[in-house]
Amino acid sequence: MNQGTTMDYRDTLNLPKTAFAMRADLPKREPDRIEWWREHRTYERRLQRNASGGSWTLHDGPPYANGDVHMGTFFNMVLKDMFVKIALLDGKFAKFVPGWDMHGLPIEYETLKHLGVQDFHSIDPLELRAKCKERALYWLDRQRAQRIRMGNFGLFEHPYRTIDPSFEATIVNALADLADRQQIYKGLRSTLWCIHDETALAEAEIEYEQRLSPSIYVRFTANDEQRRRILNVMLRQAQEDTGSGAVGPVSVLIWTTTPWTLPANVAIALRPGASYGLYQVGGEAVIVAESLAPHALGDRFAQAKLIGRARGDRLDNLAVRHPLMDRDSVIVLADYVDMETGTGAVHTAPGHGADDFDTGMKYGLPILNPVDATGHFTAEAGPYAGLQIFAANPVIVDDLRRNGALWSAAEYEHSYPHCWRCHNPVIFRATAQWFLAMDQNLLRQHAIDAIDAVEYTPEWGRVRQRQMIETHPEWCLSRQRTWGTPIPALICTACNESVLDPRVVRLAARRFAEAGANAWWSDPVEVYLPEKFVCPSCGGTAFAKEMNIVDIWFESGVTHLAVLGRDGLAWPSDLVLEGGDQFRGWFRSSLVTAVAIKGRAPYRHVMKNGWVNDEQGRPMSKSLGTGIDAADAMAKWGADVLRLWAASVELVDDVRFGPHVVEQVGRVYRNVRNRIRFMLSNLDDLGPSDVVARDEMEPLDRLARAVTDAFVAEVKGAYDRFEIHDAYLRIVDFESTMSGLYFDALKDPLYSRAIGDARRRSAQSALLYVLTRFLTAVAPVLSFTAEEAWQSLSEALRGDDESVFDTAFNVAHLRPSAFASDLALWEELRALRARVAASEDPRDFEAQLRLTVTPGLHKRLAGLGDNLREALVVSQLELRSGEADASDGVIAFELLPAQGAKCARCWKYRELGTDPQHPQICADCAAVVRALTGRAP
RNA sequence: GGGCCGUUAGCUCAGCUGGUUAGAGCGCAUGCUUGAUAAGCAUGAGGUCCCUGGUUCGAUCCCAGGACGGCCCA
């Protein structure tokens, strides 16, 4: 009976109602949102509206168009999107042009593999290029779909692509600019070379196989002058006094497994910090690293006597004689010198090793290359000319033995690089390549100076960046491959010299702009010859095209020239944001090209995001199967939960990702979602004309508004400092404080008052304010959910703002200092409410509260009127002012059983039965019910 | 092996220039609610602030060394 009556009254309440589902179903729902944004051109239209709001540009570092997007890339891309949206909601012209890096070896390999082509020389270059383009576009489409699926905003229909003719023209024009400044030269470089296939190889074309090599220890003996200098540094004082004549000849001992590289030796590398010993052995003295001496000197170590020592760096720039050739071998320093094998003194032939080459460049050593493409010694090798290099090994060892330079010889089985196609051992061989001169025109120094004008997050990135420039080797720009942008150099057919003439290069740029870079393969050379062009070396007039392509790091290094400074985008960009590996990669390549060509950094702010590791903090790896595909993750959990995850971690640090982490952030997501849902469900009956202005709101509602303003201002402040995680914490804190205090307080007024009651409309108006401001604040992170909620508001309430991305933070006029007293009062209410809620008997409406507080607090609380009782969720409240001391202002807090009985409708304890028709409910409720049923009392 | 970075509750993170009973959210436990209900509220238990030294009246915070983890390079 009673049950029935109660149920009747339940029907007279204004209970929450909304179509905004409690279950998110993100994987299912999100694609509809994307479609809606696309149809409504939400991003483009907001961009247009912001045209006069000042521009803010995040320049996209181009991902490589190969493979699907993994979680590391997801993290980076979603963070970029958050910053773009923050600027957008801030009224900025935040144009984001996504880009792709589409040339290069990985795609060329993949394509060749796809085509089943073994030797890239055997396929027509234009055909190969066409297939590579297809492949690159295939990956671009996939990656683009994945980026769009993340909810990212940007001009995805018009991305920049390094394969576009206009982009290729930019690359080539950049080369022309550099050639103009004499910044580019042709020089030698050590590359992997297969003497069987007569071609350069890339790292990826190498397979390691076991190979038996000669293992020899060789003396490099000093002449008299060299010996004197070495002893000067190494010999102990006492020994020197007794006369160095007793020491005998002095040699540096080296170890090698490639005797054929000795003719190209020009130096011996020592480790700067290592200690080298001078060992007297029989009638001579040899120098080896002390820690390696027992191993290096072999059975002669027992009779060896340490008579001197020096740190490697003290021997820098001394010299010894080459054991085979009539020249010196200089002692140099190198960090890579291995202290596990050999002698700690490394035979250095810059023509035959990558490290050796770098050291050679650093010391300005000659790059000897006495080996031709087929692996035979040239005349430069003197007595060995004409010999095949591996056949020369025993000959060289014999010569060393004969002239007394051989310390010991053995055989050695080790893992050695072989050609993946013909399985012959490969060699390092110096070949002519185009270089960007790092020190020409003080480029390196200017680049280092340019770093000072850039902001770095984290700040230590600046140091990292500086080191990367300081240690930047000469930049090898050329590659002997097919899938890329040509370096339009000419070869004089008369003297065989290569020419990179700016006029030629600019002709090529113009040609590529209209026809694409394929033209370099299809055009006759005449197309690229300026009038009256002659070879600067010999005056010749006949030329051939040189078939080199440019390093793809150069291509991505000029994206700022291709994308910025046009179409409303400013140069330099305001922000670049990439993983930490890009200090050596794109941050560096962009900086070098920008400083060389425009004299300053191409960005104002460099931000680095952390690496995404698995849940144990280990790197994710495809081979271990611990990598997670972004598309899979979005299909499983939805993009918004993953976006919230990206906001919940410290973006600068390395972060962890996995199912357990997602589950946790998923619970936070559900909290946020439910609180949004609560607000929406109480706005169902609110029309625009019902909304009351701030000044007409009840005090508690005005307070909630103020707290919301403070929240939005704080979140905006965090966004402005690029501290997404800080914003995340504030968002979580805000929705939980709103839910715990305010929503609970509003339930009674919202549910039990008459629909159009002023108290109720005030509460709803405040809720509308809280909700809309909250949605704007979270939209950069929870883009899908914020938009879904926005669309769940009635069109009338949305007003002119069709999308949540049409709204604005709108906090410029707010003064955070003005919030202090409101926030303090809010916290006082929270503390009081917590004391009520903690009580079990009587609890909430079962209670009446006698509250005695200090005069100061009394004044603040009294200002709330009956809203104070609502906020504390009690049936009656007696507020008194007292004089005692109390740190929190509360002198007495007495919860007593409420007066009256529980109203069957509003659940407050009131005097019941004033309306005989409704004996179980209070007078206020009876009035509402009567109004509903149309009967006067 | 080198350069750089990190290490605070089970998890994600706060802790401003050295002095706090070291905090929050999630999870967990307990209680309440059943008119946000595959929701909501309250309370509580969880920490030798990686380790070892040093500076200091006093260090999670400064310095040195080490351990573990990561990125880049070798």
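Residue numbers start from 1 in every chain, and the chains themselves are labelled A, B, ... in the order their sequence lines are given, proteins ahead of strands.
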Apply side-chain contact (heavy atoms from CB on, under 4.5 Å) to A:F357 and A:R189, showing your working.
CA-CA 7 Å; A:F357 182 82; A:R189 182 182 201 235; 3.8 Å; yes
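Among the nucleotides B:A36, B:A42, B:C72, the one closest to any side-chain atom of A:P16 is B:A36. Side-chain proximity of A:D744 to the nucleotides B:G70, B:C26, B:G40 is greatest for B:G40. Side chain of A:R675, nearest nucleotide from B:G70, B:C4, B:C41: B:C41. For A:F678, counting side-chain heavy atoms from C-beta on, the closest listed nucleotide (B:G35, B:A36, B:C71) is B:A36. Counting only heavy atoms from C-beta on, A:P619 has its side chain closest to B:C71 among B:C71, B:G35, B:A36. Distances were taken from every side-chain heavy atom of A:W460 (C-beta onward) to each of B:C5, B:G35, B:A36; the shortest belongs to B:C5. Minimum atom distance to the side chain of A:Q467 is reached by B:C4, of the listed B:C4, B:U37, B:G31.
The same atom, P, is picked in B:A9 and in B:C50; the two are 8 Å apart, to the nearest Å. Comparing the P positions of B:G23 and B:U33 gives an interatomic distance of 31 Å, to the nearest angstrom. Atom name C1', nucleotides B:G10 and B:C57: the rounded distance is 38 Å, in whole Å. Comparing B:U12 with B:U30, their P atoms are spaced 26 Å from each other, to the whole Å. Between the P atoms of B:G27 and B:A42, the separation comes to 13 Å (whole Å). As rounded to the nearest Å, B:C28 and B:A64 have C1' atoms that lie 41 Å from one another. Taking atom P in both B:G70 and B:U56, one finds a spacing of 38 Å when rounded to whole Å. Between the C1' atoms of B:G15 and B:U20, the separation comes to 10 Å (whole Å).
Within 4.0 Å (heavy atoms only), A:R905 reaches at least one base atom of the nucleic acid. Within 4.0 Å (heavy atoms only), A:R464 reaches at least one base atom of the nucleic acid. Using a 4.0 Å heavy-atom criterion, one finds that A:R23 contacts the bases of the nucleic acid, with or without backbone contacts as well. No engagement by A:D733 is indicated, since no non-hydrogen atom pair under 4.0 Å with the nucleic acid exists. Among the protein residues, A:N674 comes within range of the nucleic acid bases, having at least one heavy atom under 4.0 Å from a base atom.
In terms of modelled atom types and a separation under 3.5 Å, the side chain of A:E474 and the main chain of A:M438 share a donor-acceptor contact. Side chain of A:W586 to main chain of A:S556: a donor-acceptor pair is present (N/O by atom type, distance under 3.5 Å, no hydrogens or angles). Judged by distance alone, the side chain of A:R29 and the main-chain N or O of A:E788 form no donor-acceptor pair under 3.5 Å. At least one donor-acceptor pair under 3.5 Å links the side chain of A:R677 to the backbone N or O of A:F20. In this structure a side-chain-to-backbone donor-acceptor pair under 3.5 Å is present from A:R843 to A:E840.
Pairs of Watson-Crick or G-U wobble type, with distances under 3.5 Å, assemble into runs of 3 or more in RNA chain B at these ranges: B:1-7 with B:67-73, B:10-13 with B:23-26, B:28-32 with B:40-44, B:50-54 with B:62-66.
For B:G46, the base is syn relative to its sugar; the glycosidic angle is within 90° of 0.
For the pair A:E470 and A:R466, the salt-bridge criterion is not met [side-chain N within less than 4.0 Å of a carboxylate O]. Electrostatic pairing of A:E870 and A:R759 counts as a salt bridge here, judged by a charged N lying under 4.0 Å from a carboxylate O.
Per the geometry, OH belonging to A:Y742 stands 16 Å off P belonging to B:C41, to the nearest Å. A straight line from NZ of A:K17 to P of B:A39 spans 23 Å, rounded to a whole angstrom. Taking atom CD on A:Q616 and atom C1' on B:G70, their separation rounds to 14 Å, with Å as the unit. Between A:F357 atom CZ and B:A74 atom P the separation is 15 Å, expressed in whole Å. Rounded to whole Å, atom P of B:G2 lies 19 Å from atom CD of A:E470. The distance between atom CZ of A:R760 and atom P of B:G35, rounded to the nearest whole Å, is 17 Å. Between the CG atom of A:N671 and the C1' atom of B:G25 there is a distance of 9 Å, rounded to whole Å. Between A:D748 atom CG and B:G40 atom P the separation is 21 Å, expressed in whole Å.
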Using nucleotides 45-47 of chain B, report all nitrogen or oxygen pairs with the protein that are shorter than 3.5 Å.
none

Taking only N/O atoms, report every protein-nucleotides 11-14 of chain B pair under 3.5 Å with atom names and distance.
from: B:C11; atom 1: O2'; to: A:Q664; atom 2: OE1; distance (Å): 3.4
from: B:C11; atom 1: O2; to: A:Q664; atom 2: OE1; distance (Å): 2.3
from: B:C11; atom 1: O2; to: A:Q664; atom 2: NE2; distance (Å): 3.3
from: B:U12; atom 1: O4'; to: A:Q664; atom 2: NE2; distance (Å): 3.2
from: B:U12; atom 1: O2'; to: A:S648; atom 2: O; distance (Å): 2.5
from: B:C13; atom 1: OP1; to: A:E650; atom 2: N; distance (Å): 3.1
from: B:C13; atom 1: O3'; to: A:H725; atom 2: NE2; distance (Å): 3.1
from: B:C13; atom 1: O2'; to: A:H725; atom 2: NE2; distance (Å): 2.1
from: B:A14; atom 1: OP1; to: A:E650; atom 2: OE1; distance (Å): 2.7

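In this structure, A:D356 and A:S190 have side chains that are not in contact, with every pair of non-hydrogen atoms separated by 4.5 Å or more. With contacts defined as side-chain heavy-atom distances shorter than 4.5 Å, the pair A:F711/A:K716 does not qualify.
Between the side-chain ring of A:W907 and the base of B:G35, a stacking contact exists by the 5.5 Å and 30° definition.
The closest side-chain donor-acceptor pair between A:D640 and A:T785 falls under 3.5 angstrom. Residues A:R910 and A:S875 have side chains that never bring a donor and an acceptor to within less than 3.5 angstrom of each other.
Side-chain N/O atoms of A:S739 and base N/O atoms of B:A36 include a donor-acceptor pair closer than 3.5 Å.
Distances shorter than 4.0 Å separate none of the side-chain N or O atoms of A:Y669 from OP1 or OP2 on B:C26.
When the nearest nucleotides of RNA chain B are assigned to A:G580 and A:V732 by heavy-atom distance, the more 5′-ward of the two goes with A:V732.
Taking the ring centroids of A:H605 and A:Y456, they lie at or beyond the 6.0 Å cut-off. Ring centroid separation for the pair A:F75 and A:W611 does not come in under the 6.0 Å cut-off. For A:Y909 and A:F845, the gap between ring centers reaches or exceeds 6.0 Å.
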